[in-house]
Every structure is written in structure tokens, then in C-alpha cells.
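Order of the sequence lines sets the chain letters (A, B, ...), proteins ahead of strands, with each chain counted from 1.
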Protein chains: 2
Amino acid sequence: MNSELKAEVDRLAPVGEAIARLLSPHAEVVLHDPATDRVVAIWNPLSRREVGEPSLLGELDGLTETGRDVYGPYPKSLPDGRRLSSVSAVLRDADGKAGLVLCVNVDRTAFEEAGRILAAFAAPVVQQPRVLFERDWTETLNELVGDFVRDRGVPVDRLSRRDRLELIGRLEAAGVLSQRRSVPTVARALKISRSAFYQLLGDARKEATNHADPA
Amino acid sequence: MNSELKAEVDRLAPVGEAIARLLSPHAEVVLHDPATDRVVAIWNPLSRREVGEPSLLGELDGLTETGRDVYGPYPKSLPDGRRLSSVSAVLRDADGKAGLVLCVNVDRTAFEEAGRILAAFAAPVVQQPRVLFERDWTETLNELVGDFVRDRGVPVDRLSRRDRLELIGRLEAAGVLSQRRSVPTVARALKISRSAFYQLLGDARKEATNHADPA
DNA sequence: CACGCTTCGGACGATATGTCCACTCAAGAC
DNA sequence: GTCTTGAGTGGACATATCGTCCGAAGCGTG
């Protein structure tokens, strides 16, 4: 770490510590150096990261978007399943170049739990045991693929790349892909190889975020 | 009021007062005499009723149902619009006749408000790639666990082994466990370790097939 | 205090997930 | 016909998750 950067980090340390204390023990504060993608300071490390480690939680994702220096809050989660709400701030130096990125990650579990308790207390009472999930996800898969193919009037193995991206987007939106072991089945349903599927999925996701977030 | 009844009321007074204090200032406790349909004692009277007045809020509705001596919680509301959650308990005398009815009315407004605040804090945040399956499986998880815990009246980390088996069975039936990456979160929600979870899951499945398949 | 029963916290092997890449194939461009 | 390009294939790999095991506590009992 060069001395200029170090001075800057030292200058910001009280801010990081203050925020961490304010929200303690439910939040961690991390200072990143985007140039090296390393953690340069961290307070109350919920994520167990240490100074010098690479930035693992992806706080820096999407920071190349233009025109904004504050991001979030957006959802993340810890390896143990705790869910976080995170915000990031880009700290620019005098000539406007990104110098450091400050991230605050709040552990939502306590708040969710408390909220649930209160909600339950305040709830409209009774309520039935909440029925099953949906139906088997394979049915959703069949239906989505079937509809799509029917709509395009083309058998599934003659779909264009663009169509496949679209269809995969729908499958993902429907949550099919977050079902365990669904990928091989889905790839088979689309009559493409597993690897081709992942390629398309990658592109589909890229496209989705571009469309949804044309900042 | 006959002296026998009065003695009974005096005997219960500490209970009423204790409950009222516990939930103060959000709850009132009312003791009714169903024979005369009068309030025979009241603590922290949100509803402004006084001893001797007729029972106005309808706490006694439906108390003719058979086989139960505990009712609710069910919703009611105050003249000023505040909403209440209410429970009633029938207190029988030695020969099984209904002697008194104890009602606890909790003013939900404060809890609802607090719940909203926390919910906002813990909220799913921004996010554009929404449109999930049904709703987030974590909500199903929360709901199932919350209901169960409420039903048993025991915090999740004090559940018995048997209860946990039951609850895990429900989670599995609801499809939560076939959701990718759900296990760590579920284990955490149950406040047990991942390995303990798998152990219980194994037993739960064994049990399920035994019951379903008594061949 | 020993004993039985649970859970904890890791270690580990087994699967499942994602990435990569060299190679094939088909469709147009030249 | 040959070249170029883009999509897809199969399979090797690197990780991540899953599920199992086991010794070490924690705890209520006799």
C-alpha cells in the first residue's frame, strides 16, 4: 500500500469505526481499494475477512456504472446464510478518480427476527399452515418451454439463440433454476448440452441486468 | 355479586394485574362473569369499561363452542379504531361449570408500527431481478418456523427433538429443502448446526416413510 | 460422578455447479 | 470451393454444496 493511500485510509478510519460501533454488533464496515481489489481496512468483520484479503463478497460489483457514487442497499448473504443489506460509497480523490470504496453490511437477521415476532404479535391471528410450494418445478419447466415453443411455432431444437436467451430468462425468473439439480434437466429439455446452457445463461443474465439497470 | 364469586375474583386478581403489567401499556385484562354478562374486574382499561358494566367488546362471543376453554387470538377493535388481538380463557369451577372468563386484549398498533419499521430496515431492498418463484422461499421458511414456534409457544432454540423432527418434516413437505443452498439458512433458522440439521433430517425422513409406508 | 442422549464443530468423500477450451458443424462471404 | 464466423459439443477442471462421520463437549438423570 503506498503512503498516499495509507494516509487516506487513516483519515477514514474514524468514520469506519464510528459506523461500525453505531450498528454494532449487526454491521461490518469494509474499506476496499478497487485498484487492487483488496480489503484495506475492516471493522467488526462479520464476514471474517481480514485486511489484505481480496474483496470476496462482491461489494465492488457494478461499481463501474457511471453517474453514481452511492450504491444499494442491495442484498447479499454470508456463507452461513445470514442475509445482509449493503450499501457502498465510492470515495474519489481530488481529481475525481475512484480512490477507495466504503461498504457497510448490515446483518438483517436480528431485524427480520424481531420484525417477525412483532408481526406475529400484531398478526390478523389464526391462518392455515400454508400449503405446498407450488407443484413440481418440472411442470413449470414443461409449461414454460411448451408455451414458448408453441408461440414461436418452432421445435425446441430449432430455436434461435435469441429465443433461447429469452426462454432461459423466463425459466430463471420463474425460479426453476434455483431448484436443486434442475440444470441438467433444463438443459435436456432445451435439447442443448449442459455447457451450452451455462453459456446462454451467462449471456441471458448479462442481458437482463443491462436491460433492467441502464443507469 | 355473591360472596363466592367475589372470593374467586379476588383470588384471580393478581393474575389479571400481573398480565396487565407485563404487557403494559399495550394490553387490558378483563374478567367477566358470563352468568350476568358483566365485567367483574378490569386492569388497564383501554376500552374504558368499568366494573359492573356489561361486556361490550363481545369477548364472550362463541364461548359456547364445545371442548375448548381457550379462544383466540382473534381480532377486535376499539371505538377509536385501534386494533386488538384478544384471547379468552374460561375458568371452570370444581364441578366443571363456567365460572369466569378472563380476556386479554392487546393493542396491536404499537407492534404493527414497530414491525413496519423493522420490516423496512430489513427489507428486501432495491433489486431489479425480482419476480421470484412464488415468493422467496425464505419467506415460506420464516412463516413455517414462525407458525410452528408460535403454536408450541416455545422459542425456536428450545424446541424438543420431536418438535424439530416435525418442523423439518413440514419444511421438506413445503419444498424448502429442495431449494438450492437452503440448508445452511434453514439450519440457522432452526438455531442448530448444519450437521445436527442433517441428522434430524435423516431421522425425519425415516419416520416419514415409516408412517407413510407401514408395509 | 458416571451415563445416555444431543448437539457442536470440523473433516471428508461424493455430487453438483460453473468455467474453459479444443474441436465440429453449418451458413454465409469471397 | 475455401475461408470466416458463430453456435454448440464433450469433456476436463476448479469450486461449491451436500451429506456423512466422529470425537468432543453440554446437560439432565439416576
K.L.:
Please state how far atom CZ in B/Arg162 lies from atom P in C/dC5, giving the value in whole angstrom units.
P.N.:
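For the pair B/Arg162 CZ and C/dC5 P, the rounded distance is 15 Å.
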K.L.:
What integer distance in Å separates A/Leu190:CG from D/dG8:C1'?
P.N.:
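Answer to the nearest Å: 13 Å.
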K.L.:
Hey, are the side chains of B/Val30 and B/Leu102 touching, using non-hydrogen atoms and a 4.5 Å cut-off?
P.N.:
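No, too far: nothing below the 4.5 Å cut-off.
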K.L.:
Between B/Arg180 and A/Ser182, is there a side-chain donor-acceptor contact under 3.5 Å, judged purely by atom types and distance?
P.N.:
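No, no side-chain donor-acceptor contact under 3.5 Å.
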K.L.:
Please report, rounded to the nearest Å, how far the C1' atom of C/dG10 is from the CZ atom of B/Phe197.
P.N.:
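Result: 19 Å.
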K.L.:
Can you tell me how far C1' of D/dT20 sits from CG of B/Leu200, to the nearest Å?
P.N.:
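After rounding, the reported distance stands at 14 Å.
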K.L.:
To the nearest 0.5 angstrom, please state how far the CG atom of B/Asn44 sits from the CG atom of B/Asn105.
P.N.:
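It is 10.5 Å, given to the nearest 0.5 Å.
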K.L.:
Nearest whole Å is fine: how far is C/dC25 C1' from A/Asp157 CG?
P.N.:
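Going from CG in A/Asp157 over to C1' in C/dC25 covers 15 Å.
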K.L.:
Tabulated below should be each protein N or O lying under 3.5 Å from an N or O of nucleotides 15-19 of chain C; please produce it.
P.N.:
residue : atom : partner  : partner atom : Å
C/dT17  : OP1  : A/Arg181 : N            : 2.6
C/dT17  : O3'  : B/Arg180 : NH2          : 2.8
C/dG18  : OP1  : B/Arg180 : NH1          : 3.3
C/dG18  : OP1  : B/Arg180 : NH2          : 2.1
C/dG18  : OP1  : B/Arg181 : NH2          : 3.1
C/dG18  : OP2  : A/Tyr198 : OH           : 3.0
C/dG18  : OP2  : B/Arg180 : NH1          : 3.3
C/dG18  : OP2  : B/Arg180 : NH2          : 3.4
C/dG18  : N7   : A/Arg194 : NH1          : 3.2
C/dG18  : O6   : A/Arg194 : NH2          : 3.0

K.L.:
Atom CZ of A/Arg158 and atom P of D/dA7: how far apart are they, to the nearest Å?
P.N.:
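That distance rounds to 18 Å.
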K.L.:
Can any side-chain N or O of A/Asp151 pair as donor or acceptor with the backbone N or O of A/Asp147 at less than 3.5 Å?
P.N.:
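Checked: no pair found.
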K.L.:
Could you check how far NZ of A/Lys191 sits from P of D/dT9, rounded to whole Å?
P.N.:
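Spelled out: NZ on A/Lys191 to P on D/dT9 is 12 Å.
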K.L.:
Donor-acceptor pairs are to be reported for all side-chain atoms of residues 155-169 of chain A against protein atoms at under 3.5 Å, with residues two or more places apart or in another chain.
P.N.:
residue  : atom : partner  : partner atom : Å
A/Ser160 : OG   : A/Arg162 : N            : 3.4
A/Ser160 : OG   : A/Asp163 : N            : 3.0
A/Ser160 : OG   : A/Asp163 : OD2          : 3.4
A/Arg161 : NH2  : A/Asp203 : OD2          : 2.3
A/Arg162 : NH1  : A/Glu207 : OE2          : 3.1
A/Arg162 : NH2  : A/Glu207 : OE1          : 3.4
A/Arg162 : NH2  : A/Glu207 : OE2          : 3.4
A/Asp163 : OD1  : A/Arg152 : NE           : 3.0
A/Glu166 : OE2  : A/Arg170 : NE           : 3.0
A/Glu166 : OE2  : A/Arg170 : NH2          : 3.0

K.L.:
Tell me: CD of B/Gln199 to P of D/dG19, nearest whole Å?
P.N.:
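Distance, rounded to whole Å: 15 Å.
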K.L.:
For A/Val186 and A/Leu141, run side-chain contact (heavy atoms from CB on, under 4.5 Å): C-alpha distance rounded to whole Å, both residues' side-chain angles, the deciding distance at 0.1 Å, then the answer.
P.N.:
CA-CA 7 Å; A/Val186 171; A/Leu141 167 63; 4.1 Å; yes
